[in-house]
Amino acid sequence: MSRDYVLQPFHSPVELQIDYAKELNEQQHAAVTAAPGPSLVIAGAGSGKTRTLTYRVAWLLEHGVAADRILLLTFTNKAAREMMHRVTDLLGGELQALWGGTFHSIGARLLRRHAELLGYRKDFTIMDRDDSSDLIKTCIAAAEIDVKATRFPKADVLSDVFSKSLNTRRSVAETVAQEYDYFAHLAPQIEDVAKRFATRKRAANVMDFDDLLVLWLRLLQEHSEVCDYYQRRFQFILVDEYQDTNKLQSELIDLLAARHKNLMVVGDDSQSIYAWRGANFRNILEFPQRYPGSMTYKIETNYRSTPEILALANAAIAPNIHQFAKQLTPARKSGAKPILVTCNDGNEQASFVAQRALELREEGINLNDMVVLYRSHFHALELQLEFTRRNIPFSITSGIRFFEQAHIKDVAAYIKLVSNPTDELAFKRLIQMLPGIGGKGAEKLWQKFSSEFQVSGFVLPEPTAEAIAAAWDPEGEFNDSQLSTSNPQPSVPLAPALQKCATAVPKKSLTAWAGFVITISQLEVEPVRRSPSEMIRHIIEAGYEDYLQENFANYRQRLEDLEQLASFALQFKSTEDFLTQLSLLTNIEAEDNQSATKDTEQIKLSTIHQAKGLEFDVVFIIMLCDGLFPSSRSIESTEGEEEERRLFYVAITRARDELYLSYPLIRVVQAYSGDAMQQPSRFLREFSPDLVEQWNLKPYNSYG
């Protein structure tokens, strides 16, 4: 017979540095000071969600919870840094012991410690999307699939299938059947490619972005001692933007919180708009059922928008059946009603937005404080043409991501190969940059290099149960070095093996190959190989600058990018840390190429999805036609229509002061080979006309 005996922590009387009741409103204060246990915080748009989470962390620290016992999970590293910076400002001191970051960055951090338990080495590299596609192409070729005869999906499509399968916790066959049914007859071959893909990743000691979560969960599920350690360690878990979590992320959270159940999730069900990429709306909606006895806190005071904009937002979301009922209440004074504008066609709509934006600028509103939002990028084609015609500077949020640009990936490939000599993708990317070497030649050279280079010396055997047991010290900490010490990794230089590959190099490529070998040998020398910044500078000086000149018209801009990358790399203590962060940034952080323009003022053009989390003085929402917004496909189901309505709600709540809604009566539709009449969006018919002011457009009459 046994029973639980609860140890009550001893605390000296708490003297709080922060007057929480004074600095928070009543609803925020209730959430921040919540008792231990599961809590759901429904934080409405503009209600101070970040402030609530920040003060919750401070509250825990002030009440004796050690920083290293808190786990803060966010969707961007920027959000985690911002929160921890604010807590530091509130309490003073550093918070390095607090585990805070994105799901993927925390997963990478844990896997760096325990990779051997899953058959990987700790020096694994992380592939970005392009790398994954390249490896999938290799798997398709190895499976001897005649892609032309069978109309087999491209590697990028398969990458989406595999990712959606993993994040929704469904099999590849189920994912194909439910979301890619036009490939259903190819499901067996697609599953075969998926298996080959997983096998090749493991053999090359590489992981893709999804593996950081999948393998993290597998680590906890298959290794009870590791799971028990982290369940004990993380006494309090806080999750930001919980409405955006997918099935895989929710399983990770639930498993980590299973022991203490001190879990606080913060989000807004009305802003759940990412089902298309795997987010599971049910996670937040069914939280009270999954955690019986949990407390729900609502934060409904909005500090962003005027009462008139909030009245429209409340009315717009009201028709949704599946939601936590809430009513945003304004903290600001009254302003102008939202404006509803009916336009003849897309060109007239573009003329209206352009003219009104210039008028507002004349009234003193900076273009940077304005945004045009739309459901899909093609909705703004006329607008882009009109802005260009009128010389109105604008930026579009769909530019190529900085870390996905070719020159950044090229330089990263050098560092990846030196760090992880079994990285097939990095090797092939580099040698295909050499003249006269294509895909087939790269495969031949990879096979030659693999045989010359003693890769077997880098493969770690599975640790024994005795070794795992010995890795736990008397204080219950897992000693990372114990396992790696028992399986030492030899330091074998790459250059000699590369030199031996010269016999397989085409004659016209021999000179370039010799230069490549010299570059690698320079990068391998200590202390260069331990400094990613120095490695980048060596790569540039060793011939990559010449490659930029020969291959890119904007050579100077790309060279400056690499110089900035070298400066960025100075902050990292090791090459592995730099590569991990580089891969995470590639998959998360978007860099708008338009930022390079000389214009200091730009009106932003953005899809609503990309504008989530932002706010502007003036918001234009265009193309509010049925079939465009909501999209024609979404209205085929109740779930789809409700998500589109949430998207409309998100768009409205981006506005601080002024909101303009518009739609054209006529739209060029390819299916009809001409113009087609448009119906106003059903969302415009769901609220009272009294909530908006109707503007009727009239053509200019020079005769009065």
Side-chain angles (χ1 to χ4, degrees), residues 45-51 76 78-79 82 302-310 312-313 330-341 343 348-375 377 379-399 402 589-624 649-662 692-693 695 697:
S47 64
K49 171 181 63 66
T50 300
R51 184 177 183 84
T76 66
K78 178 182 177 182
E82 180 183 355
N302 177 286
Y303 295 91
R304 176 187 300 158
S305 307
T306 62
E308 289 75 12
I309 292 173
L310 292 185
L312 181 62
R332 294 185 55 193
K333 295 180 180 179
S334 183
K337 279 186 178 182
I339 308 299
L340 177 60
V341 184
C343 310
E348 186 172 86
Q349 179 178 245
S351 295
F352 163 70
V353 174
Q355 178 175 311
R356 187 60 185 148
L358 291 176
E359 289 172 348
L360 291 169
R361 187 177 184 276
E362 287 297 313
E363 294 173 13
I365 301 176
N366 194 293
L367 288 178
N368 293 328
D369 295 322
M370 305 180 202
V371 68
V372 182
L373 299 178
Y374 36 81
R375 176 66 180 81
H377 277 297
H379 294 173
L381 291 180
E382 295 96 340
L383 193 60
Q384 293 179 51
L385 293 173
E386 184 69 16
F387 279 3
T388 301
R389 188 173 69 85
R390 297 192 185 213
N391 199 28
I392 300 174
F394 64 93
S395 64
I396 306 175
T397 57
S398 59
F402 177 83
E589 306 289 349
E591 286 285 341
D592 189 350
N593 285 345
Q594 297 291 337
S595 64
T597 182
K598 295 179 181 179
D599 290 309
T600 57
E601 272 192 73
Q602 295 176 315
I603 185 170
K604 186 178 290 294
L605 276 60
S606 174
T607 64
I608 302 166
H609 284 103
Q610 291 171 314
K612 183 175 176 292
L614 304 178
E615 57 183 68
F616 299 86
D617 288 347
V618 178
V619 171
F620 296 89
I621 307 175
I622 65 173
M623 288 298 172
L624 281 162
Y649 172 85
V650 167
I652 292 171
T653 54
R654 299 311 93 200
R656 286 190 286 252
D657 302 323
E658 296 190 36
L659 175 64
Y660 298 85
L661 313 173
S662 65
V692 297
E693 180 181 328
W695 281 12
L697 299 186

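Because only heavy atoms are used, hydrogens play no part in the values below, and waters and symmetry mates are left out as well, while side chains stay in. Positions are given from 1 along the sequence.
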* Asked: Which pair of non-hydrogen atoms, one from Ala380 and one from Leu605, has the smallest distance, and what is that distance?
  ->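 Between these two residues, the closest heavy atoms are CB-CD2, 4.3 Å.
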* Identify the heavy atoms of Phe616 and Asp369 that sit nearest to each other, and give their distance. =>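 Shortest heavy-atom contact: CB-O, 3.5 Å.
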* Under the side-chain contact (heavy atoms from CB on, under 4.5 Å) test, which residues partner Arg332, sequence neighbours left out? ->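 Only Thr306, Arg656, Asp657 meet the side-chain contact (heavy atoms from CB on, under 4.5 Å) criterion with Arg332.
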* To do: Tell me, please, which residues at least two apart from Pro307 pass side-chain contact (heavy atoms from CB on, under 4.5 Å).
  =>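 Partners of Pro307 under the side-chain contact (heavy atoms from CB on, under 4.5 Å) test: Pro330.
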May I ask you to decide if [Y]'s main-chain N or O and [X]'s side chain share a donor-acceptor pair within less than 3.5 Å?
X      : Y      : answer
Ser305 : Ala655 : yes
Asn366 : Glu601 : no
Tyr374 : Ile621 : no
Gln349 : Met623 : yes

Can you confirm whether [X] sits close enough to [Y] that some side-chain heavy atom of one is under 4.5 Å from a side-chain heavy atom of the other?
X      : Y      : result
Leu367 : Gln602 : no
Gln384 : Ile396 : yes
Met370 : Arg356 : no
Ser351 : Arg390 : yes
Phe620 : Leu383 : no
Leu360 : Asp617 : no

* Start with the C-alpha gap between Val619 and Ile309, add the side-chain angles, then the distance that decides, and say whether side chain to side chain contact (heavy atoms under 4.5 Å, CB included) holds. => CA-CA 11 Å; Val619 171; Ile309 292 173; over 6 Å; no
